[in-house]
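Read the structure below first, then the notes.
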Amino acid sequence: MSTIENTDATEAKPEGLQEFTLRLRRYDPESGQAPYFEEFQIELEPHRSVLDGILQAKAKEDGSIGVRCSCRAAICGSCGTRINDKPGLACHTHLDEALKRSKDGKITIEPLGNMPVIKDLIVDMDAVHWKKQARVTPWLLPKEPLPEREHIVPRESMVDVTQSMACIQCGACVSDCLSMEIDPLFVGPAALAKAYRFVGDPRDSRHAERLSNLAEDPHGIYACTHCFKCIEACPKGVAPMSQIMRLRRIASQDHHINDRNNGERHEMAIVNSVKKYGTLNEAKMVPDSYGGPLAPAAAKELVASLPVITKALLRRKVTPKTALFHHKNPDQAQIKRIYQEVQGREQRLELNLYITQPDEDPAELAAHEAHVAEAAAHDAAEQAERAATNQTEAGA
Amino acid sequence: MKVAYWPGCVSRGFTPELHGSMAKVAPLLDIELVELNRANCCGAGVIAEHSQELADTLNARTFALAQKEIEQGADLMMNICSTCQGAQGECQERLDASAEYRAEVNKHLTPEGLEYAKGLVNKNFLWVLVEELGLDELAKRVKRPLTDLKVGPFYGCYIVRPTDRLGIDDENPRDTYLEQVIETLGGTVVDYSGAQKCCGFPISLMQKETSMRMAGQNLGEAKDQGADCLVTPCPLCHLNLDMQQPVVSKTIGRDLQMPVLHLPQMVGLALGMDPKELGLGKHVVKPTSVIDWTTSVVGSVGALSAA
């Protein structure tokens, strides 16, 4: 390491290069040693990727650094890593951007989370990610017999699944899934996004089975805690959590799957509470989600919750009056009417901003046009000036 | 400053001390609260999961009511719940993105003469403190700095992710505001891994054990890093972290005793208010490690167990 630094110091630094410090998490399970961090100095243009930095350290300083990569263009999904505590693609993260996000001027690079480490930055995708993909039957199960030629489907229905098809299987969302951190059996964001890819596909004939399977699984769609970590992690805008919410919507609304995880009942408890009162009536959430006040499961849960209920009453957080008589919105009739109108529609009205781009902002558009016009005027003026100078020069 | 104030459901339900403390702290910050009594639940993400149009319409209704107050002189809409911020923000993103979709949603509101016009400013109390009031102004009003009080920030998912929708960037680093407010009030920030993780509340009725373990991991981490208490701008997080804490402790087999403050309560303490007045006595885990109840001196080292 020192020899390289010395040689570098004696040579003149090529223009545009900048020095960066990479702090790599090293771990070789076979060595018997605990994981540790090691720092590497690299020198590259700031717009180059973190992956380029890792590869330079590997080439110049330590060939034993374990890293997986292939396309280097954010297509293959091989180089998922955690950079300064955030998951993403090493090839898709600029060094200067990574430096900006670091707390101490060093770029920290770690393997993805929620998966066992094979070596350094390489995690065992087979053990977790691919196993979970296989769990959702990730292939088309069309109606038999197959049509003689191609399937004819409405264009919009295929556009709808393009978002989940954009997944490149990099594992960034799996790395940060907070449900999976606590419950390793959770099917997880990547696999559930893949499940939506087939539930949303009109050619597939097993929507009901797929959905009931994932709704009844205690580690299925109702184990997602709605933390947005996967949406934030995904480098391709797949928004796995949004796909999970669509699976829930179709499971409960189109297929009326009354699952054993309280998923559908909990959804309806909230929807109905707002329809009746305009606000959430928390006192009814437990009995309604567990199947109504008379259901054995509800009674069991209420008994289990007695210490909590008693304490809440003792602390005067809740009074028997507020618990039993929930306040009704003075305009409840309006809210009920909105429910009737929306629920009376034959087809759901939805707007997916992944597919529909936002309207162009007239103010921004005007500012942009003014800017273009100004630049053109500036260019014209410059050209005229140049022409004038040329003429003068020619004249001289 | 005058704000169209949406308190949310839980702050008037199972965490009445949140709405109560907000109402008491506001005058000390010269914030006039015009309560949106006729507004409705944001749906907490669940109504959007059920029907996007229904959630968007319900929230458009709340926004339209807020805009009526803004016409009457309010500066912006304010909420005191991370979940409201996130769920309302998600609907607002769609409503603002498409004039056609907005018009379709507004059709449901016309019978009452309501209409949502693009571009409402809706900020959580946390954002109002930093961006509208300003930390210098807040510092000037501190009467009893939270000296020696070690506070773990707990944001709630909905107010930190997704960053682009929430407007978190270099100019507005909203995912660092809790730390900034704690320091402005004279307290010490505890750096622990749970600050921006999930409290587990959304699945507490579906996967109870996972939910309790999530809360337990965050509370335990904060304890390991030496926190005296947590502070949160989200009443739903408060339900899982405080009200359920005895169950959480039992589930993970660890006596946690970690008090959790609502954001306005922490501000109120530093502004010199009485702990009881701020409803601290209503918590399941009483913040005795925060407050010496005999003298009301903030920052004294904890008395005995609270719950």
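Each chain gets a letter, A, B and so on, in the order its sequence line appears, and its residues count up from 1. Model, not experiment: these values are computed from the prediction.
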In terms of heavy-atom proximity below 4.5 Å to chain A, should [X] be classed as side chain, backbone, both, or neither?
X: D170(B); value: side chain
X: L109(B); value: both
X: A44(B); value: neither
X: R165(B); value: side chain
X: V105(B); value: neither
X: T15(B); value: both
X: D242(B); value: side chain

Sort [X] into side chain, backbone, both or neither according to what part of it lies under 4.5 angstrom from a heavy atom of chain B.
X: Q332(A); value: neither
X: T225(A); value: both
X: L178(A); value: both
X: N261(A); value: both
X: E264(A); value: neither
X: S179(A); value: both
X: E232(A); value: side chain
X: R265(A); value: neither
X: R337(A); value: side chain

Can you tell if the side chain of [X] reaches within under 4.5 Å of the side chain of [Y], non-hydrogen atoms only?
X: Y339(A); Y: L58(B); answer: yes
X: L351(A); Y: Q52(B); answer: yes
X: R161(B); Y: C227(A); answer: yes

So which of [options] has the biggest tally of heavy-atom pairs under 4.5 Å with chain B?
options: R248(A), M245(A), E350(A); answer: R248(A)
options: I231(A), N329(A), T279(A); answer: N329(A)
options: K229(A), M241(A), H219(A); answer: K229(A)
options: A223(A), S252(A), P218(A), S242(A); answer: P218(A)
options: V271(A), L349(A), N262(A), T356(A); answer: L349(A)

Pick from [options] with the largest number of heavy-atom pairs that fall under 4.5 Å of chain A:
options: K118(B), M214(B), K107(B); answer: M214(B)
options: C42(B), A55(B), A97(B); answer: A97(B)
options: S51(B), G200(B), P111(B), G43(B); answer: P111(B)

Looking at [Y] and [X], is there a salt bridge between them, counting it only when a charged N and a carboxylate O are closer than 4.0 Å?
X: R12(B); Y: E35(B); value: yes
X: D217(A); Y: R260(A); value: no
X: R61(B); Y: E112(B); value: no
X: E17(B); Y: K317(A); value: yes
X: R213(B); Y: D183(A); value: no

Any chance the rings of H19(B) and H262(B) have centres within less than 6.0 Å?
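Ring centroids of H19(B) and H262(B) are no less than 6.0 Å from each other.
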For the rings on H266(A) and Y222(A), is their centre-to-centre separation under 6.0 Å?
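Centroid distance H266(A)-Y222(A): not below 6.0 Å, so no.
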If the condition is side-chain hydrogen bond (donor to acceptor under 3.5 Å, both in side chains), which residues does E110(A) pass it with, not counting sequence neighbours?
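Here no residue qualifies.
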Heavy-atom neighbours of [X] [atom1] exceed 12 at 6.0 Å:
X: N172(B); atom1: CG; value: yes
X: R345(A); atom1: CZ; value: yes
X: K68(B); atom1: NZ; value: no

Check the side chains of D160(A) and Y196(A) for a donor-acceptor pair under 3.5 angstrom, ignoring hydrogens and angles.
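A donor-acceptor contact under 3.5 Å links the two side chains.
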Listed once per pair and sorted, the ring pair (Phe, Tyr, Trp, His ring centres under 6.0 Å) pairs that draw on residues 89-111 of chain B, sequence neighbours left out
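Of all non-adjacent pairs touching residues 89-111 of chain B, none passes ring pair (Phe, Tyr, Trp, His ring centres under 6.0 Å).
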Which pairs would a plain distance check flag for residues 280-287 of chain A, meaning a side-chain donor or acceptor within less than 3.5 Å of a matching protein atom at least two apart in sequence or in another chain?
{"residue": "N281(A)", "atom": "OD1", "partner": "A283(A)", "partner atom": "N", "Å": "3.3"}
{"residue": "E282(A)", "atom": "OE2", "partner": "F14(B)", "partner atom": "N", "Å": "3.0"}

Residues 85-95 of chain B: residues contacting chain A (heavy atom under 4.5 Å, by number)
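Within residues 85-95 of chain B, near chain A: E93(B), R94(B).
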Looking at R254(B) and S249(B), would you say the former's side chain and the latter's main chain have a donor-acceptor pair under 3.5 Å?
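No; zero donor-acceptor contacts below 3.5 Å.
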